[in-house]
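In this text the structure is predicted, and so the values were computed from the model without any measurement. For reference, positions follow the sequence shown, starting with 1.
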Amino acid sequence: MSVSSAFLFADRNLLARKQNARLDKQNDLGWKLFGKLPLRENAQKDSKKIQKEYEDKAGRPSKPPSPKQNVRKNLDFEPLSTTALILEDRPANLPAKPADEAQKHRQQYEEMVVQAKKRELKEAQRRKRQLEERCRLEESIGNAALTWNNEILPNWETMWCSRKVRDLWWQGIPPSVRGKVWSLAIGNELNITHELFDICLARAKERWRSLSTGGSELENEDASFPAADREASLELIKLDISRTFPNLCIFQQGGPYHDMLHSILGAYTCYRPDVGYVQGMSFIAAVLILNLDTEDAFIAFSNLLNKPCQMAFFRVDHGLMLTYFAAFEVFFEENLPKLFAHFKKNNLTPDIYLIDWIFTLYSKSLPLDLACRIWDVFCRDGEEFLFRTALGVLKLFEDILTKMDFIHMAQLLTRLPDHLPAEEFFACIATIQMQSRNKKWAQVLAALQKDSRETEKGSPPPRH
């Protein structure tokens with residue numbers, strides 16, 4: 001390309017850019033709320049004309065406003081919301097609204113305002129009800145805490161089994177005294193002391209150090225229990241702690257309760273090497289930690305796991321576990337015969353959903369606040385209440401479960417909803433009767449255990 005051609009090409013590009021810029025500037029004046037208006041020779045004049053028409057309709061004087069007033073009027077001219085757009089007149093380049101259409105739009109807008117006010121009032125009433133309910137609940141908890149602290153706990157031995165205390169117990173123990181009540185109710189049959197916890201914890205730490213350095217100085221300790229089993233228990237603790245109430249973020253590495261949970265579980269493996277650590281224990285220990293000091297939590301934890309039901313499950317005593325399942329089915333059929341038949345038809349056995357509930361005492365399966373209320377009554381009534389609670393769950397979802405197949409029933413029961421209505425749930429539990437043919441839970445369980453032992457010996461079990 002020659003020099004003259006290059007200058008000619010540049011001039012043409014410059015001219016084209018100037019023309020485009022001029023068009024863009026004019027186009028900017030043509031953009032309005034409802035779209036792009038056709039270009040007019042005097043956009044400023046049209047704007048003033050539109051302003052004057054608006055003032056005439058609004059009954060305002062058409063006297064030229066001051067600069068400050070002009071800013072205010074321009075703001076007034078803009079619709080305040082998208083719902084207000086229907087009140088605006090059409091642009092000057094479009095036909096004016098018919099009177100009936102304008103009236104219709106006015107009515108629609110007024111209806112929108114009325115509905116918005118109703119929604120706002122309804123939301124305000126809902127917030128007010130929530131606040132009132134929260135205040136009533138806090139007042140009730142405060143009064144209950146005073147009763148527990150001033151009347152019940154100082155006179156525990158004489159009052160814990162009274163009708164008044166049992167009724168208060170059912171309503172839920174106030175969080176401020178829950179740990180103390182749990183400790184008293186669980187008891188300390190094993191006579192564990194704080195010093196014993198310190199000894200077990202020291203041994204656990206020594207083992208952890210030995211495992212991390214690959215030492216062999218502990219090979220002769222607890223010779224009756226394989227070193228591989230002990231090592232597996234200690235390693236499993238580390239894995240399970242991070243999976244304990246992950247949404248709370250307080251038991252994971254770096255959390256405020258991580259070391260406390262690690263210490264209790266490690267100390268227990270040294271205290272009961274014959275049991276070791278079993279998955280599910282971390283949830284039980286975590287709930288206790290949330291309500292008790294470390295040493296007291298360890299004492300309660302060890303005594304709780306020493307109960308017959310928990311020991312049967314954590315030691316994986318298959319025969320005894322099957323006996324518990326059989327006892328559960330006796331009361332299942334007694335209380336919910338229709339659902340029981342549906343489960344039998346679909347071959348849904350109790351072990352599919354009960355094992356996880358019993359292993360963690362519902363702390364993993366239910367919302368934490370609801371699980372603590374279950375623990376309250378469990379500490380009062382013992383293992384029977386664990387199975388009564390299970391029947392309460394089935395009662396709560398009975399209508400849904402009877403319409404499901406095996407897969408969907410198993411999915412629902414192994415992963416319960418995150419939000420359960422507490423009062424409705426406890427109302428369902430209250431309707432469950434733990435008595436079958438004039439026999440209570442303990443009697444039914446004992447009879448089934450006797451049958452199981454006689455079957456093992458080879459003699460036919462007697463008919464009950």
Inset, instruction - Establish, yes or no, whether the cationic atom of R388 lies under 6.0 Å from the six-membered ring centre of F331 and within 45° of the ring axis. - result: no

Legend entry - Short N-O contact, K338 and D399, less than 4.0 angstrom: no

Inset, instruction - Classify the ring geometry between W169 and W160 as parallel (under 30°), tilted (30 to 60°) or perpendicular (over 60°). - result: perpendicular

Legend entry - V181 vs L153 side-chain heavy atoms within contact, under 4.5 Å: yes

Inset, instruction - Classify the side-chain pair H408/D405 by whether it contains a donor and acceptor separated by less than 3.5 Å. - result: yes

Legend entry - Residues E123, R127: salt bridge by 4.0 Å N-O rule: yes

Inset, instruction - State whether the side chain of S263 and the backbone N or O of D259 hold a donor-acceptor pair below 3.5 Å, judged by distance alone. - result: yes

Inset, instruction - Go through the structure and list residues passing side chain to side chain donor-acceptor pair (under 3.5 Å) with Q107, not counting sequence neighbours. - result: none

Legend entry - Evaluation steps, side-chain contact (heavy atoms from CB on, under 4.5 Å), between F328 and L391: CA-CA 9 Å; F328 169 76; L391 293 173; 3.5 Å; yes

Inset, instruction - Run through L336, N335, I432 and flag the one making a side-chain contact (heavy atoms from CB on, under 4.5 Å) with L394. - result: L336

Legend entry - Criterion side-chain contact (heavy atoms from CB on, under 4.5 Å) on L445 and Q449, from CA distance to verdict: CA-CA 6 Å; L445 183 64; Q449 285 179 299; 4.1 Å; yes

Legend entry - K307 atom NZ: more than 12 heavy-atom contacts under 6.0 Å: yes

Legend entry - SB check R129 E132 (cutoff 4.0 Å): no

Legend entry - Side-chain heavy atoms of T389 within contact of W357, under 4.5 Å: no

Legend entry - Student check: side-chain heavy atoms of V275 and L305 closer than 4.5 Å: no

Inset, instruction - Determine, for R163 against D167, whether the closest basic-nitrogen to carboxylate-oxygen distance falls under 4.0 angstrom. - result: yes

Inset, instruction - Give a yes or no on whether a salt bridge exists between R209 and E206, defined as a side-chain N under 4.0 angstrom from a carboxylate O. - result: yes

Inset, instruction - Report yes or no: does S436 contribute a side-chain atom to a donor-acceptor pair with the main-chain N or O of K439 at less than 3.5 Å? - result: no

Legend entry - Beyond-backbone contact of W375 with Y362, side-chain heavy atoms, under 4.5 angstrom: no

Legend entry - Minimum-distance pair of heavy atoms, taken over all atoms of L412 and P417: CD1-CD, 4.1 Å

Inset, instruction - Side-chain contact test, heavy atoms from C-beta onward, threshold under 4.5 Å: evaluate it for F343 versus L401 and give yes or no. - result: yes

Legend entry - N346 side chain vs H342 backbone, donor-acceptor pair below 3.5 Å: yes

Inset, instruction - Working to the nearest 0.5 Å, report the span between CE of M311 and CG of N306. - result: 4.5 Å

Legend entry - Note, F283 side chain near L368 side chain (heavy atom, < 4.5 Å): no

Inset, instruction - Describe, in one word, how the ring planes of Y257 and F251 are oriented to each other, choosing from parallel (under 30°), tilted (30 to 60°) and perpendicular (over 60°). - result: tilted

Legend entry - Non-hydrogen side-chain atoms of E151 and L146 separated by less than 4.5 Å: no

Inset, instruction - Measure up the H262 and W208 rings against each other and bin them: parallel (under 30°), tilted (30 to 60°), perpendicular (over 60°). - result: parallel

Inset, instruction - Output the distance between atom SG (C270) and atom CG (L201), rounded to the nearest 0.5 Å. - result: 8.5 Å

Legend entry - Residue pairs fulfilling side chain to side chain donor-acceptor pair (under 3.5 Å) with at least one residue in residues 175-188, sequence neighbours excluded: R178-D376, W182-D376, N188-N303

Inset, instruction - Could you tell me the separation between the CZ atom of R380 and the SG atom of C161, rounded to the nearest 0.5 Å? - result: 11.5 Å

Inset, instruction - List the steps and the verdict of salt bridge (Lys or Arg N to Asp or Glu O under 4.0 Å) for E424 and K395. - result: CA-CA 10 Å; E424 185 180 350; K395 173 74 173 177; over 6 Å; no

Inset, instruction - For R415, look at atom CZ and say whether over 12 heavy atoms of other residues, nucleotides or ligands are found less than 6.0 Å away. - result: no

Inset, instruction - Among residues two or more places apart or on two chains, list those pairs meeting salt bridge (charged side-chain N to carboxylate O under 4.0 Å, His left out) that have a residue in residues 315-337. - result: D274-R315, E329-K344

Legend entry - E133 with R136: basic N within carboxylate O range, under 4.0 Å: yes

Inset, instruction - Mind telling me whether F197 and F298 have parallel, tilted or perpendicular rings, with 30° and 60° as the class edges? - result: tilted

Legend entry - Spacing of L265 atom CG and D240 atom CG [to the nearest 0.5 Å]: 8.5 Å

Legend entry - Intermediate values then yes/no, side-chain contact (heavy atoms from CB on, under 4.5 Å), W148 and N143: CA-CA 9 Å; W148 281 97; N143 292 334; over 6 Å; no

Legend entry - Validation row: F325, L322 side chains within 4.5 angstrom (heavy atoms): yes

Inset, instruction - Verify side-chain contact (heavy atoms from CB on, under 4.5 Å) between F397 and L420, making sure each step is shown before the conclusion. - result: CA-CA 11 Å; F397 294 107; L420 291 179; 3.5 Å; yes

Inset, instruction - Grab the two heavy atoms, one from Q252 and one from P246, that are nearest each other, plus how far apart they are. - result: NE2-CA, 3.6 Å

